[in-house]
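Per chain, numbering begins at 1; letters A, B, ... match sequence-line order. Both backbone and side-chain heavy atoms feed into the values below; hydrogens, waters and symmetry mates do not.
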Amino acid sequence: MADKYTPQTIETKWQRRWDDDKLYRSTVDWNKPKHYALTMLPYPSGDLHIGHWFAMTPSDARARYMRMKGYNVMFPMGFDAFGLPAENAAVQRNIHPKTWTYANMERMRKQLRSMGAMFDWEREAVSCDPSYYKWTEWFFKIFYDNDLAYRGEALVNWSPTLQTVLANEQVIDGKDERTGQPVVQKLMTQWFFRYRRYADELLDFSKMDWPEPVKIMQENWIGRSEGARIIFKTEAGDPIEVFTTRPDTVWGATFMVLAPEHPLVAKITTNAQRKDINAYVERVARETELERTAEDREKTGIFTGGYAINPVNQARIPIWIADYVLISYGTGAIMAVPSGDQRDFEFARKFGLEIVPVVQPDDQPALDGETMEAAWDGAGVMINSGPLNGIRANGEKGRKNPSIAAAIDHLEALSAGKEAVNYRLRDWLISRQRYWGSPIPIIHCADGTLEAVPDSQLPVVLPDDVEFMPTGRSPLTYYEPFLNTVDSEGRPAKRETDTMDTFMCSSWYHLRYLSPKYDRAPFDPEEAAYWLPVDTYTGGAEHATMHLLYTRWFNKAIRDLEVFDNAREIAAGHGRAVDGLFDEPMLQMRNQGQILGEERDGDVVVASGRVDGNKLFADYVEVIERDQAETIRGQKPDAVVGQIKKRTENLLQIDDGGDNLRTVEVVAGATVVIPSIPGENNVNQLRQHLDVQRMSKSKGNVVNPDELVAQYGADTVRAYLMFGFDWSKGGPWNSQQISGVVRWINDIWEICTAEPPQGAGDPDTERMIERRMHQTIAKVGEGLESFSFNTTIAALMAFRNDLKAAIRDDKLSEAAWRDALKQMLLLMAPIAPHITEELWEHLGFPYSIHQQSWPVYDAEKAKSETTTLVIMKNGKPVGHIEVPVDIEAEAAQQAALASDAAKRFLNGGKAKKVVFVPGRNGMEPKVNIVV
RNA sequence: GCCGGAGUGGCGAAAUGGCAGACGCGAUUGACUCAAAAUCAAUUGUCCGCAAGGGCGUGUGGGUUCGACUCCCACCUCCGGCACCA
């Protein structure tokens, strides 16, 4: 008997060997077809969790498979290292974001190595490294120089208490999560990219093999609509532009609604209405966009006192403001046609505004604005619409609808409007009022003009020696050495203190991987010419409309700025077809689901200390039994007692039984008592409540892959993640079900390390094993290609079962045994890279298994001679008979009708119909007898 | 609310419109053992039946089809996203 299976020693041994031999170093080789496999890079939150393994190891298995199929495969890894959590650590634990981030990356690199993935670490890219963000800044500059970057106004979450901008995540129920103080929406001048300029090209998915839902979501996100822009005028003559998809209904526009933030609101508002208007504007500033646009909500609004003139019929119509009109969509103003739009209808009914029907639906009594019960946006004939009367509204969009075409022509003749396309998509707001992000290389000169930092001075480096204020305000705004600079003339000037959205960094990381140390351009064109575009991209579907759309925009923008031109020329020189080669960054995209954990209650605690406003600064926190909460609450009225619903660093949100959660900040040096955890306790050991827990960086994670690897080995963890879930779906973690995979891996070890069989072998069994072998080759290959990892492993397990039985019964010769093991190890190599390498060596095959070719499927060998014919009665199986595989319809039908099963239910009677279904793709043939 | 997705045994799941539950977990029985674990052998959707056999079954209700987990319509529940978490 050979050695016991000890994954811990085997795995580190081979990882070191592969490293030493640079087995996964991917270099340009024009003699081989390339495959760029990419999986979304992690945020360095501190610890790799099982979700990272779930995302990365199946992708690795597939990349390894492609390699064995003969491709030159590049599979890089890096870190998306800028972002909010690092600043939270700085504010709450007084650790510099850089220190925190780099320490986390160091730990995560080790953990990533334990996966045994084929990452090429020489290609590692780290977005917070100056050598990386130099080029992020450079990209900003070329956008700026080419009118793709501009300054505009946008709403931010503003905490008047902290005088700081907050992330959406930091706002809970309209309040700042740290202080519990209200947050308002405030307009601020910020940087944008012209995202919308590419809206139409982004709607073209023809060059991409992406999941249908992702494409649909992107299409809806972009939200292209055809219609017209129409200019209304106030009585004072100020123009109010609106966009509408139904310009034909303009005769029914009986009032206008402006977004409360619309610049004309102050001017239009009459003195009598001013007080109400101001109060309403203030109220709306506290609402989120989601709340404002929820269609099930009771409409609210206020009359400004002002009137506009309808350009087609000169009607004097009141101007209102309402929260359901957003300043960020369209023009921030609408013409309200209550007879044709349900939201406008509800608004008009609620506030007693006039309703004029303009489209008369067919076969219905004449509409009356006084009595109609809902808006009509369907087909019909135009009425009450001057020159449009009698024209058909056919329900189509844009000019395909005669009434819309007529309306556009009429408006254009009047110079009151123009045909137009509108997008729901907004330009990309890239400004963040934060420290830990890529600086924006812009200088504000004393005279108010802007200058880009010269290329020679890039990157603008984030200063290290800054202090973080507890407000969370970016130190860049008050750190003088950074702030003060000079312009190109040497005059004193100020640096831009906004940094860039981290989506900017992650929009081009796949390019930095090409040549992370290259310093003459963002990437080496020689590498790009060979490797681009990404062939297979894997990641979560939660990125469907943001990251995945930003990265497409980025790619198209830099393509048009000639960033790929050198690479294109080199590629053409090597005979690659370069037409449209750089139009899309990722050709194939597949989503994996998320690994969830079981629902878990948070600790119930008693927290006491100093109360400040709604917030408790606790210097003492003790975990108590759930049933004690009520009693202790009575005894200690000043303390906060309840379950921890959320914890971010040292900030707790506690459910104390009241209507709102209580915020508790555990001060530095506080005493934390957790009876179930011996020794001294700290705030990080407090457990928060987790609803069918989603494992993400912002939450504590119960499943630690390191422990699993220590217990079972990386190969088993990899295989379990591939076997136990539908990869596209994910699901809750289950620690029990891993044992099936443990048994499988152990079986493989025992089969391969056993003494070879001595017998002569049984030809029938050997033929059966050969057949199953080839069926398995087909299934494993198909499974890996289609990301059906669970069926891949199921096929390998089934083969193991056959093989075990044949060995047990001593039906295999040594040659047949050896061939079966060889093929099986090759098929398993992408999934379990370490054990297969070890057993490959043990069986005397040459190093490395990962440099071997994929077994070749032979359809003839996979075929069997007979098959089961399924006999069905009205579509339900009632019996089986053995028939030759290639049986024809006639013979099958006769055999079926003659079978015992058919005789039983036919009773000598006649079948109404007999349907033959030939056996395809390994499925049995069927005969359906209809009676 | 809007957009997208998912609902199948006790559990994870499988199934180009063609035998629903492959492959596993768990459970039950047996073998080995003083015993347990491990391992091996067998059973395992559910109901009726001694059995042969039959009825019912893929969230709910309808429809298309010789045949529906799969396609269509309506609904329910859960998950992801909604532009400053990444």
Side-chain angles (χ1 to χ4, degrees), chain A residues 40-43 45 80 82-85 88 154 156-157 165-171 195 211-214 216-221 223 288-297 328 424-434 501-503 506 540-547 549-550 591 593-594 596 692 694 696-698 720 723-726 728-732 734 736-741 743-744 746 788 790-791 793-798 800-801 808 868 870-872 874-880 904 911-915 917-921 923-926 928-931:
Chain A
M40 288 179 185
L41 80 180
Y43 176 80
S45 54
D80 186 15
F82 276 133
L84 195 58
N88 286 338
V156 294
N157 298 313
V165 178
L166 300 173
N168 287 344
E169 187 191 52
Q170 296 171 312
V171 182
Y195 204 12
E212 216 49 45
V214 172
I216 293 167
M217 281 190 271
Q218 293 201 347
E219 199 172 306
N220 293 335
W221 186 260
T288 66
E289 211 163 274
L290 220 60
E291 290 162 355
R292 287 175 60 168
T293 51
E295 274 173 27
D296 59 342
R297 228 167 61 125
S328 52
R424 201 186 76 97
L425 187 72
R426 308 206 288 252
D427 274 345
W428 181 2
L429 169 63
I430 60 136
S431 279
R432 297 293 180 267
Q433 291 71 37
R434 301 203 202 298
D501 180 6
T502 53
F503 279 123
S506 56
E542 65 273 20
H543 295 287
T545 52
M546 302 196 63
H547 162 63
L549 205 46
Y550 286 132
N591 297 124
Q594 287 177 334
L596 310 168
V692 182
R694 189 184 149 202
S696 70
K697 40 221 151 246
S698 59
Y720 176 50
F723 178 66
F725 306 84
D726 171 347
S728 66
K729 243 183 352 184
N734 183 327
Q736 238 183 7
Q737 313 223 12
I738 196 171
S739 49
V741 175
R743 283 179 198 142
W744 175 52
N746 281 329
S788 310
N790 49 356
T791 55
I793 292 178
L796 286 163
M797 284 179 171
R800 174 266 321 253
N801 294 343
R808 179 194 59 203
T868 308
V870 181
I871 297 153
M872 300 171 121
N874 293 337
K876 287 194 178 165
V878 289
H880 313 97
R904 212 181 301 129
K912 208 157 134 200
K913 190 173 177 183
V914 182
V915 181
V917 184
R920 287 163 301 191
N921 289 344
M923 272 187 291
E924 289 79 5
K926 288 146 201 101
N928 189 18
I929 301 167
V930 185
V931 293

- Message: Just so I know, are the side chains of A/Met872 and A/Val917 near enough to count as touching, which here means a heavy-atom distance under 4.5 Å?
- Response: no
- Query: Taking CG from A/Asp726 and P from B/C79, how many angstroms apart are they, rounded to a whole number?
  - Reply: 18 Å
- Query: For A/Ser788, which residues count as a side chain to side chain donor-acceptor pair (under 3.5 Å) partner, sequence neighbours excluded?
  - Reply: A/Ser786
- Task: With sequence neighbours excluded, tell me which residues meet side-chain contact (heavy atoms from CB on, under 4.5 Å) with A/Glu924.
- Result: A/Thr867, A/Thr868, A/Val870
- Contact class for A/Ile871 vs. all strands (heavy atom < 4.0 Å): base, sugar-phosphate, or nothing? nothing
- Residue list, side chain to side chain donor-acceptor pair (under 3.5 Å) with A/Asp726, at least two apart or on another chain: A/Ser728
- Query: If you write RNA chain B from 5' to 3' in dot-bracket form, with Watson-Crick or G-U pairs under 3.5 Å, [ ] for crossing pairs and | for pairs with another strand, what do you get?
  - Reply: (((((((..(((.....[....)))((((((.......))))))((((....))))..(((((..]....))))))))))))....
- Message: Taking any heavy-atom pair under 4.0 Å as a contact, classify A/Val915: base, sugar-phosphate, or nothing.
- Response: base
- Query: Tell me: CZ of A/Arg424 to P of B/G1, nearest whole Å?
  - Reply: 17 Å
- Rounded interatomic separation in angstrom, taking NE2 from A/His543 and P from B/A83: 15 Å
- Query: With a 4.0 Å cut-off on heavy atoms, is A/Gly730 in touch with a base, just the backbone sugar-phosphate, or nothing at all?
  - Reply: sugar-phosphate
- Query: Between A/Gly731 and A/Val878, which is nearer to the 5' end of RNA chain B once each is assigned its nearest nucleotide?
  - Reply: A/Gly731
- Note on the structure: The contact string for nucleotides 20-26 of chain B, one letter per nucleotide 5' to 3', using protein heavy atoms under 4.0 Å with B, S and - for base, sugar-phosphate only and none, comes out as S-BBBSS
- Message: For A/Phe723, give me all partners under ring-ring contact (aromatic ring centres under 6.0 Å, His included), at least two apart in sequence or on another chain.
- Response: none
- Would A/Val214 and A/Gln218 count as a side chain to side chain contact (heavy atoms under 4.5 Å, CB included) if you check the C-alpha gap in whole Å, the side-chain angles of each, and the deciding distance to 0.1 Å? CA-CA 6 Å; A/Val214 172; A/Gln218 293 201 347; 4.1 Å; yes
Protein N or O to nucleotides 2-6 of chain B N or O, pairs below 3.5 Å:
from: B/C3; atom 1: O3'; to: A/Asn220; atom 2: ND2; distance (Å): 2.8
from: B/C3; atom 1: O2'; to: A/Asn220; atom 2: ND2; distance (Å): 3.0

- Task: Calculate the interatomic distance between A/Asn168 atom CG and B/C82 atom P; express it in whole Å.
- Result: 8 Å
- Task: Return the nearest nucleotide to the side chain of A/Arg808; candidates are B/G67, B/A41, B/C19.
- Result: B/A41
- Item | side chain to side chain donor-acceptor pair (under 3.5 Å) partners of A/Asp501, counting only residues at least two apart | A/Trp428, A/Arg432
- Item | Spacing of A/Lys913 atom NZ relative to B/U65 atom P, expressed in whole Å | 10 Å
- Partners of A/Ser328 by side-chain contact (heavy atoms from CB on, under 4.5 Å), sequence neighbours excluded? A/Glu289, A/Leu326, A/Arg426
- Message: Within the 4.0 Å heavy-atom criterion, would you say A/His547 contacts the bases, only the backbone, or no part of the nucleic acid?
- Response: nothing
- Testing B/A83, B/C85, B/G18 for proximity to the side chain of A/Asn928, the answer is B/G18
- Message: Are A/Trp221 and A/Leu425 packed together at the side-chain level, in the sense that at least one heavy-atom pair is separated by less than 4.5 angstrom?
- Response: yes
- Can you list the residues that meet the side-chain contact (heavy atoms from CB on, under 4.5 Å) rule with A/Asn168, with sequence neighbours excluded? A/Asn157
- Glycosidic conformation of B/G9, taking syn as within 90° of 0 and anti otherwise: syn
- Looking across every strand, which nucleic acid part, if any, lies under 4.0 Å from A/Leu290 by heavy atom: base, sugar-phosphate, or nothing? base
- Task: Using atom CD of A/Glu291 as one end and atom P of B/C82 as the other, report the distance to the nearest whole Å.
- Result: 15 Å
- Task: Under 4.0 Å between any heavy atoms, over every strand shown, what does A/Ser431 touch: base, sugar-phosphate, or nothing? Just pick one.
- Result: base
- Item | Euclidean distance, atom CD of residue A/Glu212 to atom P of B/C71 [Å, nearest integer] | 14 Å
- Task: Between A/Glu289 and A/Tyr720, just flag the one whose closest nucleotide in RNA chain B comes earlier from the 5' side.
- Result: A/Tyr720
- Query: Is there a side-chain contact between A/Trp744 and A/Ile793, using heavy atoms and a 4.5 Å cut-off?
  - Reply: yes
- Item | Set of residues satisfying side-chain contact (heavy atoms from CB on, under 4.5 Å) with respect to A/His547, sequence neighbours excluded | A/Met40, A/Phe503, A/Ser506, A/Tyr509, A/Tyr537, A/His543, A/Thr551
Between the protein and nucleotides 28-33 of chain B, list the N/O to N/O atom pairs that are separated by less than 3.5 angstrom.
none

- Message: Measuring only between side-chain heavy atoms, which start at C-beta, is A/Tyr720 closer than 4.5 Å to A/Asn734?
- Response: yes
- So what does A/Gln433 touch, heavy atoms closer than 4.0 Å: a base, only the sugar-phosphate, or nothing? base
- What is the distance, rounded to the nearest whole Å, between atom CD1 of A/Ile929 and atom P of B/G67? 15 Å
